[in-house]
Amino acid sequence: MTKFRHLIWMVIAASGLVLSAPQSQAQTRQPDVGDQPGLLPDESVELDPQFRKTAVLYRTSEAPGTIIVVTAERHLYLVQGNGRALRYGIGVGREGFTWQGLVNITRKAEWPDWTPPPEMIARQPYLPRFMAGGAGNPLGARAMYLGTTVYRIHGTNRPDTIGTAVSSGCFRLVNADVADLYERVPVGTKVIIRQKPEL
């Protein structure tokens, strides 16, 4: 009788594993919350006050016009000089997709087209191979291309992701903020990406 009960429990446990396997596989195939091509932005989303564009005191030795991205804070600073900066809330790369370095803006585009790089397609095969610019484009209203990398500072069709870590390494702002930043910085602008604030 004890062996029979043990056998029954083994069958129940095995069937539980079989039933849970498809569910976990389905979860890995779900779209990345940060990239939803075709989704029109919800303009009613209100940013948390800490992620709204604001002028702040900011101590740095970098020249005015420099962009400093601090991924741990989810903020992008545009240095103004005299100990001040404009601070924008951003969305950053999810775990495993954060990076740091020194680059320059090499190109700018209004309502940019989106061609996901091959590495991104390999991870997210459901993504389109090309998407024309527009309101439903995940790059949003503006894009500033960073050096020779595949990364950009860009807008978004998901304003609710500002302040989160969901991207594949790009830095996203709400469309109004990215349009504002776009007008303030030329091609060639120095961009410093840091994981943590400078001490």
Side-chain angles (χ1 to χ4, degrees), residues 26-58 67-80 84-98 105 107-117 120-121 123-146 150-185 189 191 193 197:
Q27 288 173 349
T28 61
R29 286 193 299 262
Q30 286 181 345
D32 179 345
V33 67
D35 299 308
Q36 293 190 4
L39 181 72
L40 295 178
D42 180 355
E43 302 299 343
S44 69
V45 170
E46 284 198 35
L47 293 180
D48 183 300
Q50 69 172 315
F51 298 121
R52 294 179 192 153
K53 177 188 146 200
T54 187
V56 295
L57 294 173
Y58 191 73
I67 292 174
I68 301 173
V69 175
V70 185
T71 57
E73 289 183 2
R74 314 288 199 264
H75 286 128
L76 178 152
Y77 297 89
L78 176 58
V79 178
Q80 302 289 286
R84 302 200 58 86
L86 287 178
R87 185 182 74 190
Y88 301 82
I90 59 173
V92 301
R94 61 188 181 273
E95 188 174 341
F97 291 86
T98 58
I105 293 175
R107 184 165 77 91
K108 294 169 55 177
E110 297 185 23
W111 294 106
D113 296 335
W114 183 42
T115 305
M120 197 171 192
I121 295 290
R123 289 189 307 270
Q124 300 163 260
Y126 54 83
L127 291 176
R129 293 346 183 222
F130 171 83
M131 186 173 187
N137 189 306
L139 295 185
R142 305 286 186 274
M144 290 156 272
Y145 296 77
L146 300 177
V150 296
Y151 304 118
R152 298 162 289 252
I153 296 168
H154 63 78
T156 184
N157 62 342
R158 290 291 310 274
D160 57 310
T161 62
I162 301 304
T164 67
V166 296
S167 83
S168 293
C170 289
F171 308 106
R172 64 182 62 187
L173 294 80
V174 293
N175 284 333
D177 285 356
V178 80
D180 178 81
L181 180 65
Y182 184 96
E183 294 302 321
R184 294 174 184 273
V185 297
T189 294
V191 181
I193 296 99

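Since this is a predicted model, take the numbers as computed values, not measurements.
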Quick one: pull up [atom1] in [X] and [atom2] in [Y] and give me the separation to the nearest 0.5 Å.
X: Asn157; Y: Asp42; atom1: CG; atom2: CG; result: 11.0 Å
X: Ser167; Y: Ile90; atom1: OG; atom2: CD1; result: 9.0 Å
X: Leu127; Y: Gln36; atom1: CG; atom2: CD; result: 10.5 Å
X: Asp177; Y: Leu76; atom1: CG; atom2: CG; result: 9.5 Å
X: Arg87; Y: Gln80; atom1: CZ; atom2: CD; result: 13.5 Å
X: Arg142; Y: Leu181; atom1: CZ; atom2: CG; result: 11.0 Å

Minimum side-chain heavy-atom gap [X]-[Y] below 4.5 Å:
X: Thr54; Y: Tyr88; answer: no
X: His154; Y: Pro138; answer: no
X: Gln124; Y: Ser168; answer: yes
X: Pro116; Y: Phe130; answer: no
X: Ile67; Y: Tyr77; answer: no
X: Met144; Y: Val178; answer: yes
X: Trp111; Y: Asn137; answer: no
X: Tyr182; Y: Glu110; answer: yes

Between [X] (side chain) and [Y] (backbone), is there a donor-acceptor pair under 3.5 Å?
X: Asp160; Y: Val45; answer: no
X: Asp113; Y: Gly133; answer: yes
X: Asn175; Y: Ala141; answer: yes
X: Arg152; Y: Tyr145; answer: no

Is the distance between the ring centroids of His75 and Phe51 under 6.0 Å? yes
Where is the tightest heavy-atom contact between [X] and [Y], given as atom of each residue plus distance?
X: Pro197; Y: Glu73; value: CG-OE2, 3.2 Å
X: Ala165; Y: Arg94; value: O-CB, 3.3 Å
X: Pro112; Y: Ala143; value: CG-CB, 3.6 Å

Using the side-chain contact (heavy atoms from CB on, under 4.5 Å) definition, which of the options Leu173, Val174, Asp180, Leu47 pairs with Lys53? Asp180
Strictly by modelled atom types, are Thr161 and Arg172 linked by a side-chain donor-acceptor pair under 3.5 Å? yes
Could you check Thr115 against Arg129 for side-chain contact (heavy atoms from CB on, under 4.5 Å), going step by step and ending with a plain yes or no? CA-CA 6 Å; Thr115 305; Arg129 293 346 183 222; over 6 Å; no
